[in-house]
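Step one of this worksheet: look at the structure below.
Every chain is numbered from 1, with letters handed out A, B, ... down the list of sequences.
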Amino acid sequence: MSLISLDAPGREILLMGNEAIARGALEAGISVAAAYPGNPSSEIIGSLAEVAKEMGLYVEWSVNEKVALEVAAAAATSGLNALVAMKQNGLNVASDFLLNLNMTGIRGGLVIVVCDDPAGISSTNEEDSRVFARLADLPLLEPSTFGEAKEMVRFAFEVSRAIENVCIVRSVTRISHARGNVILGPLPSTRLVPYFDTTRSFSALPPSITHPVAHRRLKQAADMLAESRFNGYSGPETPELLVIASGAGVLFSGEVIDTLGLEARVGLLKIGTTWPLPEKLILERLRTAEKVLFAEEVDPVLETNVKALFADNNQRLPRITFLGKKSGTIPDLGELSPGLMTRVIADLTGTAIPDIDADYAESARDALENFTPFRSLAFCPGCPHRASFWAIKKALALDGRNGVLFGDIGCYGLGFLPTGFRQPKTLHAMGSGAGMASGFGKLHDLGATQPALTVCGDSTFYHAAIPALINGLHHRSNFLMILLDNSATAMTGFQPHPGSPVDAMGDPAPPVLLEDLCAAMGIKTLIRDPFDLDDAAMTIFELIQETGTKVLILRQECALVRAKKTPRRYRVHVDPAKCIGEECGCNRFCTRVFRCPGLNWDVSAGKSVIDEAICAGCGVCADLCPRGAIVKESA
Amino acid sequence: MEKDPYNVVVTGVGGQGNVLASQLIGAILVDKGLKVTIGETYGASQRGGSVMSHVRISEKRQYGPLIPPRCADLVLALEPSEAARVLGEFGNPATISVVNTRPVYPVDVISGDLTYPDIDRLFEKIKSLSAKTYFLPATDRALELGSPILANIILMGAAAGAGLLPITEDDLAKAITERVSAAKVDINRTAFRVGADLVNDVPAG
Ligand code: SF4
Ligand code: SF4
């Protein structure tokens, strides 16, 4: 249930950072919101979709981020306010359009919220999107609290409307996926009516004319940003150490300065408007600085830009030692944390960190070493992907030519771990498994003998794999594309996609079916149930004996989606009389090899058991046990 | 709250519902006029990993989303080895722990590649790293109520019953109505009471 549309100005409630961002957009009077899901950004559009009807918005889960930005741009060139949200990888997808849209500008308000994932908690990379602001000559803001996230988004729309260009807000996991106090503001009562003024055109051509306009707009933004309340200094007039921080770095640094009792010695310059920088404010602080420490995630963006500003003004400034990622004082990757900031600031100021009782510390170390078995990620109990990778493994073993499985992005990306029997050998960007399989399938002309396969989820297929499939087909590449169709964008929270019968707002939508698309292209397409392991494995085996481009749809609902709406399919238990454990010769096949978390190994009895609190009741393991010791009964 | 900030870690394994528990605690306390920040790690949380929420409660300011090392005041653990993991990094001699006794075995333990610590020694370890510990069969009681996921509310009820969180059953009912669904109020009230009763039955170690 979403609270973001609560009409209670002044009330203070707990919101997730992403909900605060969505609330800010509502307070700014948006009419349109679009995104492709991606953690840590998904809840922004997710929560707006929930309130779309009551707030009179149009909200969609677009097919990919570039299209999301285009959909929003249509609204923003028609005078409306539109929000687009994405994760860092998504901005790469959208960037082709963005780096042209920035040249034409818009006529309403368009804010892109990009949620970066320092340390890659739910991502394949930890790229720093802030560099796009500079690349695209667009203003960029960075919130450091939940309340500020809301305020900043509202302000970003003001900036966007004033300069008639896009404004970017960069959040990070520790803001987006954290929760905190937010004071609600008023919601607008009037709605803008979309109208595309055909006396104006929005053409990026010719850059000789549009580029200077983009520069002029950025200058105008610089003035608004410098006057905003998102930058500020707290600390002594002449600090021993000046910390310049943005995003989550602001809260961590502020807390450390407090707990170490350094308020009178260390100053904190909070930067909320990262590009263009508030130059006057920064120069003022540099005038009395000796030592400057940068606290930002991930790349040295503030650091580089402040140093450039210093270089431009060095005749009027003292000698300053700059410390940060360049000097190795702060790691040049990953997240900041209170522990890290405590060590760094204590070290730079010669402050002692209060120590803990040595016995306790020793016992704590022992706990971490000997009492906390590592939890590697695994597919959920009853997940169809486990069965699919099992079928692939079996088919490849039967085939014997050392086939190569190219992986892709989604829950099944975990397939390279033991949970997917380490079957996929590559993992990069959305749809790139299909592109690489299409390329490898052509190497057969050059003497390659290994079969080429790729796995791709349903949502990923629509997002980016279709062009690669067309490419392979047209070039007569030999590969099998296995579509793991679990009818959901599972990794990010089960959003609908173009194959779903409903859209983001819950309205019925015509599903664009995978098999129809493939059939229309004239590709041989089969559909199988991955839970029927033998059939799925044999079908894969047969398909990789054929030449040309083929598609196999392995269709079975995501276990979590299924559990929400239907009771367990089977009640499953192990018959202790039949399970003979290590004696069996099965090598504890069910637990050691198949590894579903719903199964367990009872060490004292030397037998397998089912954990009723965890088992999802898919029944697959019952078909695998060579002795038939696992019994499934229809529930 | 006696200590400011009061730092609570809610921990467990993906799918056990600790994100919801921390969110409910936070929502209730914000309604009572406190500043609460919750940092959590998920994304892969549905898929077997350790999941930890940091709840930071203050009368004065909005704290950052991560608790500094050794600064947890209260640990609510839905899984015992996760309690040890959290105490190992965030515990201190004054930390109080409320721990669900039922293990969730990591896949590498199930496969035989790793071993799960001996349960009695694990409980001893948790005790030795806590000023006070409450061990509760929360999952077993939740299963009796019809769903293992209610263990999180049982733990919340226990913490409240032991006077470790200023939360009442009515507070919970309000938060569930506002944030989950009115239809879920009764079962959550029951779970909360089960927790509060349990904590009075088990002697704190
Ligand atoms: S039936 Fe077997 S494979 Fe399916 S969820 Fe239960 S334990 Fe796992
Ligand atoms: S969320 Fe669904 S698709 Fe993803 S691992 Fe779990 S069961 Fe599988």
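In this structure, the portion of A/Phe146 lying under 4.5 Å from any heavy atom of chain B is its side chain and not its backbone. For B/Leu114, the part lying under 4.5 angstrom from a heavy atom of chain A is the side chain only. Residue contact with chain B, scored on non-hydrogen atoms closer than 4.5 Å, involves the backbone of A/Cys596 exclusively. Heavy-atom distances place no part of B/Leu29 under 4.5 Å from chain A, backbone and side chain included. With a 4.5 Å cut-off on non-hydrogen atoms, A/Ala248 does not touch chain B at all. Only the backbone of B/Thr115 comes within less than 4.5 Å of a heavy atom in chain A; its side chain stays farther off. Of the two parts of B/Pro69, only the side chain, counted from C-beta on, holds a non-hydrogen atom closer than 4.5 Å to a non-hydrogen atom of chain A. In this structure, the portions of A/Arg595 lying under 4.5 Å from any heavy atom of chain B include both its backbone and its side chain. Only the backbone of B/Ile67 comes within contact range of chain A, judged by heavy atoms closer than 4.5 Å. In this structure, the portions of B/Val107 lying under 4.5 Å from any heavy atom of chain A include both its backbone and its side chain. Contacts between B/Lys125 and chain A at a heavy-atom distance below 4.5 Å involve the side chain alone, from C-beta outward. Both the backbone and the side chain of A/Ser363 come within contact range of chain B, with heavy atoms under 4.5 Å apart. Heavy-atom distances place both the backbone and the side chain of A/Phe371 under 4.5 Å from chain B. Of the two parts of B/Gln16, neither the backbone nor the side chain holds a non-hydrogen atom closer than 4.5 Å to a non-hydrogen atom of chain A. In this structure, the portion of B/Arg102 lying under 4.5 Å from any heavy atom of chain A is its side chain and not its backbone. In this structure, chain A has heavy atoms under 4.5 Å from both the backbone and the side chain of B/Asn92. For chain B, the nearby part of A/Leu3 is the side chain; its heavy atoms alone come within less than 4.5 Å. Only the side chain of A/Arg11 comes within less than 4.5 Å of a heavy atom in chain B; its backbone stays farther off. For chain A, the nearby part of B/Pro148 is the side chain; its heavy atoms alone come within less than 4.5 Å. Using a 4.5 Å cut-off between heavy atoms, B/Val104 contacts chain A through both its backbone and its side chain. For chain A, the nearby parts of B/Leu122 are the backbone and the side chain; heavy atoms of each come within less than 4.5 Å.
Heavy atoms only, all atoms of each residue included: A/Gly382 and A/Arg386 are closest at N-NH1, 4.0 Å. Nearest heavy-atom pair across A/Ala361 and A/Ile356 is CB-CG2, 3.7 Å. Shown here for B/Asp4 and B/Ser58, the closest heavy-atom pair between the two residues is OD1-OG, 2.6 Å. B/Ala138 and B/Asn100 get closest at one heavy-atom pair: N-OD1, 3.0 Å.
For the pair A/Leu377 and A/Leu417, the minimum side-chain heavy-atom distance is below 4.5 Å. Side-chain atoms of B/Val98 and B/Leu136, non-hydrogen and from C-beta on, do get closer than 4.5 Å to each other. Using a 4.5 Å heavy-atom cutoff, the side chains of A/Pro384 and A/Phe379 are not in contact.
For the set A/Cys383, A/Pro338, A/Ser123, A/Pro597, the entry with the most heavy-atom pairs within less than 4.5 Å of chain B is A/Pro338. Each of B/Ala84, B/Ser147, B/Pro80 has some count of heavy-atom pairs under 4.5 Å with chain A, and the biggest count is that of B/Ala84. When the candidates A/Arg365, A/Met341, A/Arg588 are compared by the number of heavy-atom contacts under 4.5 Å with chain B, A/Arg588 comes out ahead. Contacts with chain A were tallied for B/Gly39, B/Ala27, B/Gly33; B/Ala27 has the most, counting heavy-atom pairs under 4.5 Å. Counting heavy-atom pairs under 4.5 Å between each of B/Gly91, B/Ala83, B/Pro5 and chain A puts B/Gly91 at the top. Most heavy-atom pairs under 4.5 Å with chain B: of the set A/Val250, A/Ile614, A/Asp258, this distinction falls to A/Asp258.
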message = Working note: B/Asp73 + B/Lys3, criterion salt bridge (Lys or Arg N to Asp or Glu O under 4.0 Å); need CA distance, chi angles, decisive distance, verdict.
response = CA-CA 9 Å; B/Asp73 299 301; B/Lys3 207 182 142 285; 3.1 Å; yes

request  = Show your reasoning for whether side chain to side chain contact (heavy atoms under 4.5 Å, CB included) applies to B/Val86 and B/Met52.
outcome  = CA-CA 8 Å; B/Val86 166; B/Met52 194 177 26; 3.8 Å; yes

request  = Before giving the answer on side chain to side chain contact (heavy atoms under 4.5 Å, CB included), spell out for A/Asn486 and A/His385 the whole-Å C-alpha distance, their side-chain angles and the decisive distance to 0.1 Å.
outcome  = CA-CA 9 Å; A/Asn486 61 0; A/His385 296 329; 3.6 Å; yes

query = side chain to side chain contact (heavy atoms under 4.5 Å, CB included) between B/Ile153 and B/Met156: does it pass, once the steps are laid out?
reply = CA-CA 5 Å; B/Ile153 304 296; B/Met156 252 173 88; 4.2 Å; yes

task = Step by step, work out the side-chain hydrogen bond (donor to acceptor under 3.5 Å, both in side chains) result for B/Ser81 and B/Glu79.
result = CA-CA 6 Å; B/Ser81 73; B/Glu79 205 281 341; 2.8 Å; yes

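Screening A/Ser176, A/Ser41, A/Ser122 for a side chain to side chain contact (heavy atoms under 4.5 Å, CB included) with A/Asp117, the sole residue that qualifies is A/Ser122.
The CZ atom of B/Arg56 sits 8.0 Å away from atom CG of B/Leu66, with the distance rounded to the nearest 0.5 Å.
B/Phe135 and B/Phe123 have tilted rings, their planes meeting at an angle from 30° to 60° on a 0 to 90° scale.
A donor-acceptor distance shorter than 3.5 angstrom exists from the side chain of A/Asn18 to the backbone of A/Pro40, with no hydrogens or angles considered.
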